[in-house]
2 protein chains.
Amino acid sequence: MRSAAPNTVPTFQPLYRQIKDLLVRSLDGGAWKPGQAIPSELELAGRFGVSQGTVRKAVDELAAENMLVRRQGKGTFVATHGEPRQNFRFLRLMPNQGEPAQYESRASECRRARAGVDVARFLDLKPGDGVIFIRRVLFFGGEPTVVEEITLPALPFKGLTAAKLAAHRGSIYHLYETEFGTQMIRADEKLRAVAADAATAGALGLAKGTPLLSVERVAYTYGDRPVEYRYGLCRTDTHFYRNELG
Amino acid sequence: MRSAAPNTVPTFQPLYRQIKDLLVRSLDGGAWKPGQAIPSELELAGRFGVSQGTVRKAVDELAAENMLVRRQGKGTFVATHGEPRQNFRFLRLMPNQGEPAQYESRASECRRARAGVDVARFLDLKPGDGVIFIRRVLFFGGEPTVVEEITLPALPFKGLTAAKLAAHRGSIYHLYETEFGTQMIRADEKLRAVAADAATAGALGLAKGTPLLSVERVAYTYGDRPVEYRYGLCRTDTHFYRNELG
DNA sequence: TAGTGGTCTAGACCACATA
DNA sequence: ATGTGGTCTAGACCACTAG
């Protein structure tokens, strides 16, 4: 009932946190797929030999971290990027007026490459390791609004092609989830204001030197393993980046 | 034990949420001051005539929303902006390298004014209502890095002067808390990239037209009442705006 | 040693969805 | 009617802090 605390400070690990770790391991291992229901609390309690309340507390934390979604009367489900509701967790760009417009993406590049020093550090790879490099433009209401470069480790994403990108409908995280079994859980971002270079300005139909919002993102899957590095440049005259500080 | 559901949809309000509302009302009314301990769970349970578990769930939610801070063995405390640890909830600007530097603020302006249409809408006032207008520069490591305009409703902040701003050490939210009894709980922000105008460029020691991060913020106190409107321009060559998407 | 929050249990009952 | 999550209770015991 107690964690052994190997050689570090005598940290106490409550039971429900051990249960939580087991659940994350199952999620990571693909025991239950995104959108599917996990076993009921009573079922899990029996399986783990603990009370329902202990399972409940573990599930509560996972729901708070957006890995699970509870639905009263129906069950507890693995979170999925397939539902549009979940999309706005990672899509913060909103139009100045009106409802969050639909967007399309058009990839101009999707090729294998080798990780540079920086990307290797972000993705926890070695420099020279294989990666997949994507360049794309996001169109909001038909207008080119964001230019993005996405770098993924080659291994888990083997087989990602421009054709697959073009064929997919919905967010790219949904594609990661359905085609490559990789769930994005959280991300860290660094935001800056920068001047548009000639190429980016051209792609967005703006003058060279126009201020753009630079968004640098590292996204993580289960176990805080980094699996996507992204660099985006957004025009912010028609849109803004919304943020909530709690 | 049940909320009556007056004339709207028959929404169910659990007991612990009613307790939570009572606690928020007490906090809002200043029953316990920031940094002070609130009564123990057992004490509150007796006072409200519910079990400790029900109080616990209410307090759990308030702790998750950063209104209370639990400390095992010591008690539950009203959150305060006085502790440097809490500061980074609302201060997202980090230096490109090194530890989060200390900053100083210098107010160049602090005067009474009348709310314009936009500010009135943000602060839930009527156009023409009295406000306090502050303009200041934030210095990180001695370098001017942010130019900010802050607008506050005149009523709760009567008596805020440039002298008080200059005398205060620590974050301005700590000043709001100690001098005016107003706790900032959460905030909404809109981020954009804009070009520096001549005045701002001069204040920051940059060339006119330099891209700056524009941060528009509305901050709220208990009960989601807006009490601060802020417009900031940050240089992001030496710093960046960090964000965590969960 | 006493007081606080934190964990865990067992059980009763409620709200919600579905068949 | 059944099964799911959601609420509430009462009590035992643990972990942490402080006098």
Enquirer: Can you confirm if the aromatic rings of A:His81 and A:Tyr176 lie within a centre distance of less than 6.0 Å?
Expert: no

Enquirer: Atom CG of B:Leu68 to atom P of C:dG6: distance rounded to whole Å?
Expert: 11 Å

Enquirer: Answer whether the closest heavy-atom distance between the side chains of A:Leu23 and A:Trp32 falls below 4.5 Å.
Expert: yes

Enquirer: Take the protein atom CG of A:Leu42 and the nucleotide atom C1' of C:dA12, then report the distance between them rounded to whole Å.
Expert: 14 Å

Enquirer: Without decimals, in angstroms, what is the distance between B:Leu44 CG and C:dG3 C1'?
Expert: 15 Å

Enquirer: Please determine whether a side-chain nitrogen or oxygen atom of B:Thr76 lies at a distance below 4.0 Å from atom OP1 or OP2 of C:dG5.
Expert: yes

Enquirer: Specify the separation, in whole Å, of atom CD of B:Glu61 and atom P of D:dG6.
Expert: 12 Å

Enquirer: Is there a donor in the side chain of A:Asp60 and an acceptor in the side chain of A:Tyr16, or the other way round, less than 3.5 Å apart?
Expert: no

Enquirer: Write down the distance between CD (B:Gln52) and P (D:dT7), rounded to a whole number of angstrom.
Expert: 18 Å

Enquirer: Between A:Tyr173 and A:Gln183, does any side-chain donor sit less than 3.5 Å from a side-chain acceptor?
Expert: no

Enquirer: Measure the distance from CD on B:Gln72 to C1' on C:dG5 and round it to the nearest whole Å.
Expert: 6 Å

Enquirer: Is the phosphate of D:dT4, meaning OP1 or OP2, less than 4.0 Å from a side-chain N or O of A:Arg71?
Expert: no

Enquirer: Please work out which residues in residues 21-35 of chain A have a non-hydrogen atom less than 4.0 Å from an atom of DNA chain C and list them by number.
Expert: none

Enquirer: Do B:Phe88 and B:Pro100 come close enough that some side-chain heavy atom pair is under 4.5 Å?
Expert: yes

Enquirer: What is the distance from CG of A:Leu15 to P of D:dC13, rounded to the nearest Å?
Expert: 17 Å

Enquirer: Does A:Arg92 reach the side chain of A:Val215, with side-chain heavy atoms less than 4.5 Å apart?
Expert: no

Enquirer: Kindly say if B:Lys74 contacts the phosphate of D:dA18, meaning a side-chain N or O under 4.0 Å from OP1 or OP2.
Expert: yes

Enquirer: Whether B:Arg17 and B:Glu61 form a salt bridge (side-chain N of Lys/Arg under 4.0 Å from carboxylate O of Asp/Glu) is what I want to check.
Expert: yes

Enquirer: Select one nucleotide: of C:dT9, D:dA10, C:dG5, the one nearest the side-chain heavy atoms of B:Ser51.
Expert: D:dA10

Enquirer: If we call it a pair only when both distances are under 3.5 Å in a Watson-Crick or G-U wobble match, what pairs with D:dG19?
Expert: none

Enquirer: On DNA chain C, nearest-nucleotide positions of A:Gly73 versus A:Thr54: which is more 5'?
Expert: A:Thr54

Enquirer: Separation of B:Phe48 atom CZ from D:dC8 atom P, in whole Å?
Expert: 14 Å

Enquirer: Nearest to the side chain of A:Tyr16, heavy atoms from C-beta on, is which of D:dG6, C:dT7, C:dA15?
Expert: C:dT7

